[in-house]
Amino acid sequence: MRCFHNAGIESIIIMVERQTKRKTASNSPTSYTGGVTIKSRRELAAMERAGAIVGDTLTLLKKSVEPGITTGELNRIADRNIRSFGAVPTFMGYHGFPAAICASVNEEIVHGIPGKRALKEGDIIKMDVGATIDGFIGDAAISVAVGTVSDAARQLMADTEASLYAGIAAAQPGKRIGDIGAAVEGYAVARGYGVVRQFVGHGVGRHLHEDPQVPNYGEPGKGVLLRPGMCICIEPMLNLGTEATTILDDDWTVVTADGALSAHFEHTLAITKDGPKILTAHD
Ligand code: MG
């Protein structure tokens, strides 16, 4: 996977899924063969259930973060909570990913594998959670301070979350994917951050990564039209340094190439006729 990362792992994953699904499309009516899916009212209700479980799990994780806790313990807390609702952790086994959540610390941007690492005062941790229930998926991420962190780290996290909300505000029916990316990028670049371009947001539904891709950069008025019934994940990854990324030898963990801090926030939202509706709200 690593050798392809310049093309963007998420786009590779979409390509692999398409190829895999094509083979089975004839015997499964629910196979995803690419393209934007528009959810029915019933499907949106299932998306809301999945999103609520993700939001609840993120709230619990946020309360659980403290110096000394390991990323593996956070993973167990999330796994147990997701399953307590009768849902399953979407990421477990996804293209071989070995855990329920991604846990990425400091210069790790996304896709960190939980394990024995204990969090230290001053770290920032990004936790990305997926839950599947009734066949539909919610996916969201937060960045959390471990104890007291530097002013720069605190500001990075606040600005990354604000850039997510700038993107969400732009996700209006009748607008286009490029409007979202332009809003996120505009907010981030004005504040001097590196905007990660090799990993992008995505459509979501029965599959974790559906069309369209939702980059954190773009041109207003360009790209796929946003229509009621679409569900997408917006997930800005902002760096204190440059946008360049590297993947560690575990073939999953994405880090900043220059070792600078990175923050990540993500929500799943539904496009409705009245505007974007966040499905993964948390406290
Ligand atoms: Mg996502």
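Whatever order the structure lists ligands and atoms in, that order sets their numbers, starting from 1.
Residues Ile125 and Leu238 are members of one and the same hydrophobic cluster, defined by side-chain heavy-atom contacts under 4.5 angstrom among Ile, Leu, Val, Met, Phe, Trp and Tyr. Hydrophobic clustering (side-chain heavy atoms under 4.5 Å, transitive across Ile, Leu, Val, Met, Phe, Trp, Tyr) keeps Val204 apart from Leu226.
Between the Mg ion (ligand 1) and the N, O or S atoms of Asp139, the shortest distance is to OD2. As for Glu266, its N/O/S atom nearest the Mg ion (ligand 1) is the one called OE2.
The angle Glu235:OE2 - the Mg ion (ligand 1) - His202:NE2 amounts to 90°, with values rounded to 10 degrees.
Residue pairs meeting the salt bridge (Lys or Arg N to Asp or Glu O under 4.0 Å) criterion with at least one partner in residues 113-133, sequence neighbours excluded, are Glu108-Arg117. Listed by first then second residue, pairs satisfying salt bridge (Lys or Arg N to Asp or Glu O under 4.0 Å) with a partner in residues 75-93 read Asp79-Arg83, not counting sequence neighbours.
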